[in-house]
Amino acid sequence: MIDDRGPVVHQALLIHRLVELRRGQGLTQEKVARALEWSHAKLMRYEGGTQVLPKADLDALLGLYRVLGSGRGRKLQEIGRRARDKPWWYPHRHALSVEERYYVGLEMGAARIRQCAPALVPGLLRTRDYAHALCSMTDPNGEVDRLVDVLMGRQGVMLTRNPVPEQVYVLDEAVLRRIVGGRENPEVQLRQLHHLVERSASVQLRIIPEEAGLHFGTLGGFTLFDFDDGLPPVLHTEHRGRVVASKKGEDVHAYAEAFDRLIEEHALDERRSRELIEHHARRLQDRARTSPDTGEEETGTHTNGVGSFPAGDLLAVSEPRPPPSPLFSAGFGVEVGSE
């Protein structure tokens, strides 16, 4: 089977294995740096993941750790070669920050993706015109088409992965009510809702109804990436415009538990979630067929076998404050440790 996890995850896997080798032999970073006549900072950059290991330096480490030429060493050399490959998004690299490239790389190689989205449809579930509307609103450099192409590329990569990663999404009902496209073009949101219904057949999609009130996800969106081969999971969080990536076990554990509680205590099951999406699609379609200037207002509630949903002017829902990047539910502030 072809390993299609991409260079970012292969780089992380290589670092993980090399650190295990160093620690298994009781070596500190300082001892390794002295033995190879490197600066301590150079080894920290390698082990922190901020610099890709050239073949010569990788071979030097493997020799010091006494695995060069062995089966284990050859396997690490192959992982290192894959870590040096150019990723699929390389032609679009100038449109992405370093942190965004890291996010896309983790996404490409994850075995499982769990995401909580309180404000906007997650990137991997967006239609092209929904993504274009967001990018047009938030991108300051005029890279809208390129950014949307990157997003479509991300989605294509996910669909061709073998095996396809498990994906679990928890969305607040506000995501369904918020009309991206506005009064002028509500079809953008309508097509997006229909697309969510279609995607629910291949990913786990759970909706938290507005009746649930406040929940952990209202504090900000977050994504959990899980990996094979013993790689630790990575957490991306967003809160009040500040975005952080963390591998700290206590952070990942806390958010993983919170995600499970959202699923178990707040979200509708998959069938009822799909019915709620369909309900909002029908309401929006009916609303779009009438003139927004009639002055008429709906009253009462609508039911669809899912529960009661307060009626109101869906098109009057305010647009969200733009996220740091329109293509990602959370941004990045990659933390690296020296040890």
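Just so it is clear, the structure is predicted and the values come from calculations on it, not from any experiment.
Phe225 is not connected to Val164 by any chain of hydrophobic side-chain contacts under 4.5 Å among Ile, Leu, Val, Met, Phe, Trp and Tyr, and they are in different clusters. Linking Ile, Leu, Val, Met, Phe, Trp and Tyr residues whenever their side-chain heavy atoms come within less than 4.5 Å places Met137 and Val180 in a single cluster.
Side-chain N or O atoms of Arg22 include one that pairs as donor or acceptor with a backbone N or O of Leu27 at under 3.5 Å. Using a distance-only test at 3.5 Å, with no hydrogens or angles considered, no donor-acceptor pair links the side chain of Glu210 to the main chain of Glu173. Checked by atom type and distance alone, the side chain of Glu278 never pairs as donor or acceptor with a backbone atom of Leu193 at under 3.5 Å. With hydrogens and angles disregarded, a donor-acceptor distance shorter than 3.5 Å links the side chain of Tyr130 to the backbone of Val121. No donor-acceptor pair closer than 3.5 Å links the side chain of Asp172 to the backbone N or O of Thr218.
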Between Asp286 and Arg282, does a salt bridge (charged side-chain N to carboxylate O under 4.0 Å, His left out) hold up when you go through it step by step? CA-CA 6 Å; Asp286 291 343; Arg282 285 194 297 271; over 6 Å; no
What do the steps show when you test His92 against Glu143 for side-chain hydrogen bond (donor to acceptor under 3.5 Å, both in side chains), and what is the final call? CA-CA 10 Å; His92 305 287; Glu143 293 276 7; over 6 Å; no
Under the side chain to side chain contact (heavy atoms under 4.5 Å, CB included) criterion, do Arg206 and Glu270 qualify, and how do the steps go? CA-CA 6 Å; Arg206 307 287 290 273; Glu270 292 184 74; 3.7 Å; yes
Would Arg128 and Asp145 count as a salt bridge (charged side-chain N to carboxylate O under 4.0 Å, His left out) if you check the C-alpha gap in whole Å, the side-chain angles of each, and the deciding distance to 0.1 Å? CA-CA 10 Å; Arg128 176 176 284 274; Asp145 290 337; over 6 Å; no
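The two residues His236 and Leu106 make their nearest non-hydrogen contact at NE2-CD1, 3.7 Å. Heavy atoms only, all atoms of each residue included: Arg114 and Ala256 are closest at NH1-CB, 3.9 Å. Pairing each heavy atom of Val52 with each of Tyr46, the nearest pair is O-CE2, 3.8 Å.
Checked options Arg84, Arg45, Lys42; the residue passing with Asp57 is Lys42 (criterion: salt bridge (Lys or Arg N to Asp or Glu O under 4.0 Å)). No option in Arg93, His94, Glu100 other than Glu100 meets the side chain to side chain contact (heavy atoms under 4.5 Å, CB included) test with Leu96.
Contact annotation: the side chain of Asp59 approaches that of Lys55 to within less than 4.5 Å [non-hydrogen atoms, C-beta and beyond]. At a threshold of 4.5 Å between non-hydrogen side-chain atoms, the residues Arg126 and Leu134 count as touching. Between Gln189 and Arg178 the shortest side-chain heavy-atom distance does not fall below 4.5 Å. Looking at heavy atoms from C-beta onward, Ile277 lies in side-chain contact with Leu205 at the 4.5 angstrom threshold. A heavy-atom distance below 4.5 Å is found between the side chains of Pro209 and Leu268. A heavy-atom distance below 4.5 Å is not found between the side chains of Trp89 and Val157. Side chains of Leu43 and Leu36 form no contact here, defined as non-hydrogen atoms less than 4.5 Å apart. Side-chain contact check for His16 versus Asp229: every heavy-atom pair is 4.5 Å or farther apart.
Salt-bridge check for Arg5 with Asp228: failed, with every basic side-chain N at 4.0 Å or more from each acidic carboxylate O. Glu78 has a carboxylate O that lies under 4.0 Å from a charged side-chain N of Arg81, or vice versa, which qualifies the two as a salt bridge. Taking the charged nitrogens against the carboxylate oxygens, Arg191 and Asp129 do have a contact shorter than 4.0 Å, which makes a salt bridge.
Phe259 has its ring centre no less than 6.0 Å from the ring centre of Phe216.
In the displayed structure, Glu250 atom CD is contacted under 6.0 Å by more than 12 heavy atoms of other residues, nucleotides or ligands.
In this structure, Ala254 has no side-chain contact (heavy atoms from CB on, under 4.5 Å) partners at least two apart in sequence or on a different chain.
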